[in-house]
Amino acid sequence: MTKPTLLVLAAGMGSRYGGLKQIDPVGPAGETIIDYSIYDALRAGFGKLIFVIRKDIEKDFREIVGKHFERRAAVEYVFQELDKLPPGFSLPPGRTKPWGTTHAILMAENAIKEPFAAINADDFYGQNAYQVLAQHLTPGSPDYAMVGFILRNTLSDFGSVARGVSRVDANHYLTNIVEMTKIERAGRSAKNTDTDGKITELTGDEAVSMNFWGFTPALFPQIKTEFEKFLKKAGGEQKSECYIPTTVGDLVTNGQAKCKVLRSPDSWFGVTYREDRPMVVESIRKLIARGDYPEKLWG
């Protein structure tokens, strides 16, 4: 069987965090969240690793992150740059913000020929999440997959977050997903405030996308078409982004794809704001004490 590939989306600017959070150490031996993600992926059966980064962080990224893995698996780098757009489209003057996760995944089109998972570099998903997704991808299912997490377990105490809030049918297939970009705690529940100030109340129990996806290469022509639609509609804006949850939701709604929603009992945690980092460090310490990870990952 073909081993699936892990695509790590690491080109984000880290604007809310205030630095390159992708290479900020959180483990006792200087490990980053990416270290733990790849450790989990390799033991779940993933093979090749592909990093989506920006040219301006390439040197630091290869030195601090990439060198750990190049002797353990095949490693490739692809670059998400603002001007890498489909023919007929150009970068609007003054645009500095990346185009979003759909664009980031599209950058790997020429590097991936096998089933693959896509993850955020700054999210800690847990070992079980990699196992359930590898089990879905390895037999060669044509269906896409999303690992869903409980909304209230993915919120930050220090500000709003963006989440893809999903709806599923009786067979655990995705029926709809809505990208909400300003979700905050409201006691045990949550609320989202859209750009017009409209508030949507949430229970906190919703299954949400944390950008942990399973795909086949059939995705690439589909998202190229969807990204072109996005550029025609919002490509002239300064801060518009094409989010992969929205793109997958559109593919599902239009009948172009089926997406199984997988559930993991593991807790998700991540670094959106710098104030989140101590919680991540403490959470990893507890997992090491429980025996889930060695004190030094790459010893």
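One-based numbering along the sequence shown.
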- Query: In Å, rounded to the nearest 0.5 Å, how long is the span from CD of Glu179 to OG1 of Thr246?
  - Reply: 5.0 Å
- Determine the interplanar angle of the Phe230 and Phe227 rings, folded into 0 to 90°, and report it as parallel if under 30°, tilted if 30 to 60°, perpendicular if over 60°. parallel
- Task: For residues Ser166 and Glu206, determine if any side-chain heavy atom of one lies less than 4.5 Å from a side-chain heavy atom of the other.
- Result: no
- Who passes side chain to side chain donor-acceptor pair (under 3.5 Å) against Ser37, sequence neighbours left out? Tyr130
- Item | salt bridge (Lys or Arg N to Asp or Glu O under 4.0 Å) evaluation trace for Lys198 with Asp196 | CA-CA 6 Å; Lys198 179 185 175 183; Asp196 296 324; over 6 Å; no
- Message: Counting only heavy atoms from other residues, nucleotides and ligands, does the tally under 6.0 Å from NZ of Lys113 exceed 12?
- Response: yes
- Item | Residue pair Ile33 / Val280, side-chain heavy-atom distance below 4.5 Å | yes
- Query: If you measure only the distance, is there a donor-acceptor pair under 3.5 Å linking the side chains of Asn211 and Tyr243?
  - Reply: no
- Closest heavy-atom pair and its distance - Ser156, Arg185: O-NE, 4.0 Å
- Item | Sidechain-backbone polar pair: Arg290 side chain, Tyr293 backbone, donor-acceptor under 3.5 Å | no
- Task: If the plane angle is over 60° it's perpendicular, under 30° parallel, otherwise tilted; pick one for Phe212 and Tyr125.
- Result: tilted
- Any side-chain heavy-atom pair of Phe269 and Ser283 under 4.5 Å: yes
- Within the distance-only criterion (no hydrogens, no angle test), does the side chain of Arg277 pair as donor or acceptor with the backbone N or O of Met279 below 3.5 angstrom? no
- Is the closest side-chain heavy-atom distance between Val8 and Val52 below 4.5 Å? no
- Taking Ser240 for its side chain and Ala234 for its backbone only, find out whether a donor-acceptor pair lies under 3.5 Å. yes
- Any side-chain donor near an acceptor of the partner, Arg163 and Ser209, under 3.5 Å: no
- Message: salt bridge (Lys or Arg N to Asp or Glu O under 4.0 Å) for Glu58 and Arg54? Distances and angles first, verdict last.
- Response: CA-CA 6 Å; Glu58 180 183 9; Arg54 303 192 316 272; over 6 Å; no
- Where does the angle between the aromatic ring planes of Phe124 and Tyr36 fall among parallel (under 30°), tilted (30 to 60°) and perpendicular (over 60°)? tilted
- Message: Quick one, Asp194 and Thr200 - any side-chain contact, counting heavy atoms below 4.5 Å?
- Response: no
- Are the side chain of Ser160 and the backbone of Ile183 linked by a donor-acceptor contact shorter than 3.5 Å? no
- Main-chain N/O of Asn171 paired to Lys260 side chain as donor or acceptor, under 3.5 Å: yes
- Message: Side chains of Ile53 and Tyr77, heavy atoms from C-beta outward: is any pair under 4.5 Å?
- Response: yes
Under 3.5 Å, side-chain donor or acceptor atoms of residues 81-89 against the rest of the protein: list the pairs with distances, not counting sequence neighbours.
residue: Glu81; atom: OE2; partner: Lys55; partner atom: N; Å: 2.8
residue: Lys84; atom: NZ; partner: Phe79; partner atom: O; Å: 3.2

- Query: Where the side chain of Gln127 meets the backbone of Arg43, is there a donor-acceptor pair that is under 3.5 Å apart?
  - Reply: no
- Among all residues two or more places apart in sequence or in another chain, which pass the ring-ring contact (aromatic ring centres under 6.0 Å, His included) test with Phe116? Phe215, Phe220
- Message: Please determine whether a side-chain nitrogen of the Lys or Arg among Lys48 and Glu76 lies less than 4.0 Å from a carboxylate oxygen of the Asp or Glu.
- Response: yes
- Query: Quick check: does any side chain N or O of Arg152 sit under 3.5 Å from a backbone N or O of Thr203, one acting as donor and the other as acceptor?
  - Reply: yes
- Query: Does any donor atom in the side chain of Asp35 or Trp298 lie under 3.5 Å from an acceptor atom in the other side chain?
  - Reply: yes
- Message: Any side-chain to backbone donor/acceptor pair from Thr5 onto Leu49? Under 3.5 Å, distance only.
- Response: no
- CD of Glu282 to NZ of Lys286: how many Å apart, nearest 0.5 Å? 5.0 Å
- Worked verdict on Lys67 versus Glu63 for salt bridge (Lys or Arg N to Asp or Glu O under 4.0 Å): CA-CA 6 Å; Lys67 71 177 183 181; Glu63 177 64 24; 3.2 Å; yes
- Task: Indicate whether any N or O donor in one side chain lies under 3.5 Å from an N or O acceptor in the other, for Thr138 and Gln135.
- Result: no
